[in-house]
J.: 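To start, I am sharing the structure in question, which I have written as structure tokens.
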There are 2 protein chains.
Amino acid sequence: MYTYEYPHPAVATDIVIFTLRDQQLKLLLIKRRGKPFKGQWALPGGFVRLEESLETAAKRELEEETGVRDVYLEQLYTYGNLNRDPRERVITIAYFALIASDKIEVRADAEAVDWFTMDEIPDLAFDHQKIVKAAHQRLSAKLDYSTIAFQFMSEKFTLSELQNVYETILQAKVDKRNFRKWVLALERIEETGEIKSAESHRPAKFRP
Amino acid sequence: MYTYEYPHPAVATDIVIFTLRDQQLKLLLIKRRGKPFKGQWALPGGFVRLEESLETAAKRELEEETGVRDVYLEQLYTYGNLNRDPRERVITIAYFALIASDKIEVRADAEAVDWFTMDEIPDLAFDHQKIVKAAHQRLSAKLDYSTIAFQFMSEKFTLSELQNVYETILQAKVDKRNFRKWVLALERIEETGEIKSAESHRPAKFRP
DNA sequence: ACAAAAGTGTTGTATATACACCCATGA
DNA sequence: TCATGGGTGTATATACAACACTTTTGT
């Protein structure tokens with residue numbers, strides 16, 4: 001038991017984990033085993049331990065669910081409305097994470113874990129629907145003024161693959177020549193010299 | 001006394017309150033009366049009560065220090081490093097607020113409260129230096145892609161006054177004609193018909 | 001030889017920037 | 001009448017958007 005002179009809320013982190021699979025933007029949800037909202041889908045997350053920072057807590061949760069370290073992780077927003085959680089007052093610091101899908105180790109205990117596209121998302125526990133929406137907006141906005149989408153790519157990739165990522169997230173076609181002009185102007189990419197074979201047609205170059 | 005099965009951190013809000021006075025961007029600091037960092041300057045803030053939301057808590061603090069309601073308030077970031085506070089684990093949700101200086105009622109008990117320009121800021125308690133820096137960066141960034149600076153204006157103002165606000169925050173001269181072109185294109189401003197007298201020269205028009 | 005994706009420049013359009021003079025008022 | 005800030009337009013540069021054909025490879 002832990003006692004305090006004044007009441008303390010509980011503090012948690014929840015993570016919106018995005019990846020790209022099958023040419024679609026997907027996010028990770030877990031089916032709740034525990035008490036409130038049991039059996040319902042929710043964002044991965046959990047309470048912050050006293051001996052870890054907020055970001056450490058988020059990283060721990062992330063690794064527990066996906067087996068991945070060293071991913072792009074960004075604090076999203078903090079939610080603290082009164083009745084978010086029926087048990088007690090819980091404040092959650094929401095993070096969002098982007099992962100290249102080939103880095104993900106699917107966990108063994110992962111029966112109640114699945115990836116959902118944005119329009120497949122079921123009813124979520126707590127206020128997680130709101131959090132997911134905010135994360136998606138942030139991601140969309142950042143595509144325009146940052147190179148955040150690179151986080152979805154693996155070590156080596158072709159420009160066409162990168163363009164596909166943009167088209168998938170933006171849900172729109174992008175002009176190939178303008179796109180390549182823009183990407184190359186960033187000077188964040190260099191050629192590997194390697195050439196992609198397979199898939200029955202002309203091969204490509206490149207990497208970041 | 002309040003007891004919990006698991007340890008809970010304390011949760012606070014801190015607010016970076018900006019205003020413009022004497023042609024300078026200033027922020028509000030209070031001199032700590034209480035135990036940790038006693039006598040040192042710090043951001044206004046305090047613990048979140050269980051019966052209020054985070055934003056409500058921030059608004060309450062804001063009103064306590066400035067006597068102002070209905071101001072621009074935006075969640076900035078949440079800080080939760082381990083040793084931010086020597087007393088116990090404290091997580092703080094930082095907000096930033098913008099106020100038109102003529103709306104501020106200086107509080108009677110305000111002896112240990114003062115406004116500081118960005119380069120006058122003394123050593124601050126906790127990690128408040130970091131929070132102030134983040135708030136200032138956010139404010140600067142938002143000038144470019146939003147109309148956030150309007151929050152510093154009172155009901156009626158002239159275009160020259162608004163331009164002064166931009167020049168003050170950006171620390172740079174702005175072209176008068178281009179500025180007016182941009183502002184009027186926003187269509188967020190309308191003329192009042194009123195005309196400003198005093199100050200010994202040609203009078204101006206306008207309002208938002 | 002053909003299907004499929006890779007690769008490559010130019011032109012027009014919109015947006016942002018630079019710049020100088022006359023006007024109205026209070027003292 | 002003069003000092004002071006208010007008010008106004010145009011020309012240029014820069015960034016963004018539209019657009020079509022040739023090349024390479026695997027089957």
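The sequence lines fix the lettering, A, B, ..., with proteins before strands; numbering per chain opens at 1.
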J.: Please check the phosphate of D:dG5 (OP1 and OP2 only) for any side-chain N or O of B:S160 closer than 4.0 Å.
T.: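 No, B:S160 has no side-chain N/O under 4.0 Å of OP1/OP2 on D:dG5.
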J.: Going by the rule side-chain hydrogen bond (donor to acceptor under 3.5 Å, both in side chains), which residues pair with A:N83 if we only count those two or more places apart in sequence or in a different chain?
T.: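 For A:N83 there are no side-chain hydrogen bond (donor to acceptor under 3.5 Å, both in side chains) partners, ignoring immediate neighbours.
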J.: B:A57: what forms a side-chain contact (heavy atoms from CB on, under 4.5 Å) with it, not counting sequence neighbours?
T.: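 Listed in chain order: B:T13, B:V48, B:E52, B:R60.
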J.: Just grab all the salt bridge (charged side-chain N to carboxylate O under 4.0 Å, His left out) pairs involving residues 121-133 of chain A, residues at least two apart or on different chains.
T.: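 Non-adjacent pairs meeting salt bridge (charged side-chain N to carboxylate O under 4.0 Å, His left out): A:R84-A:D127.
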J.: Sequence neighbours excluded, which residues qualify as side-chain hydrogen bond (donor to acceptor under 3.5 Å, both in side chains) partners of A:E88?
T.: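 Scan of A:E88 (side-chain hydrogen bond (donor to acceptor under 3.5 Å, both in side chains), adjacent residues dropped) gives B:H8.
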J.: A:S101: which residues meet the side-chain hydrogen bond (donor to acceptor under 3.5 Å, both in side chains) condition with it, sequence neighbours left out?
T.: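 For A:S101 there are no side-chain hydrogen bond (donor to acceptor under 3.5 Å, both in side chains) partners, ignoring immediate neighbours.
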J.: Find the bend of the helix from C:dA1-D:dT27 to C:dA27-D:dT1 as the angle between its two terminal axes (five pairs each), to the nearest 10°.
T.: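 The two end axes of the helix from C:dA1-D:dT27 to C:dA27-D:dT1 meet at 0°.
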J.: Applying side-chain hydrogen bond (donor to acceptor under 3.5 Å, both in side chains), name anything that partners B:K31, two or more places apart in sequence or on another chain.
T.: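 Counting only residues at least two positions away or on another chain, B:K31 forms no side-chain hydrogen bond (donor to acceptor under 3.5 Å, both in side chains).
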J.: Send over the distance from A:D144 CG to D:dC16 C1', rounded to a whole Å.
T.: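 In whole Å, D:dC16 C1' lies 13 Å from A:D144 CG.
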J.: So for atom CZ, which belongs to B:R69, do other residues, nucleotides or ligands contribute more than 12 heavy atoms lying within a distance under 6.0 Å?
T.: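 Atom CZ in B:R69 is not packed in, count stays at 12 or less.
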J.: I'd like to check the side-chain contact (heavy atoms from CB on, under 4.5 Å) partners of A:A141; sequence neighbours left out, ordered by chain and number.
T.: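 For A:A141, the residues satisfying side-chain contact (heavy atoms from CB on, under 4.5 Å) (neighbours in sequence not counted) are A:Y145.
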J.: Could you check A:K176 against B:K176 and say which one's nearest nucleotide on DNA chain C is further toward the 5' end?
T.: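 Per heavy-atom nearest nucleotide, the more 5' residue is A:K176.
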J.: All N/O contacts under 3.5 Å from nucleotides 14-18 of chain C to the protein, with atom names and distances to one decimal?
T.:
{"unit_1": "C:dT17", "atom_1": "O4", "unit_2": "B:K181", "atom_2": "NZ", "d": "3.3"}
{"unit_1": "C:dA18", "atom_1": "N7", "unit_2": "B:N178", "atom_2": "ND2", "d": "2.9"}
{"unit_1": "C:dA18", "atom_1": "N6", "unit_2": "B:N178", "atom_2": "OD1", "d": "3.2"}

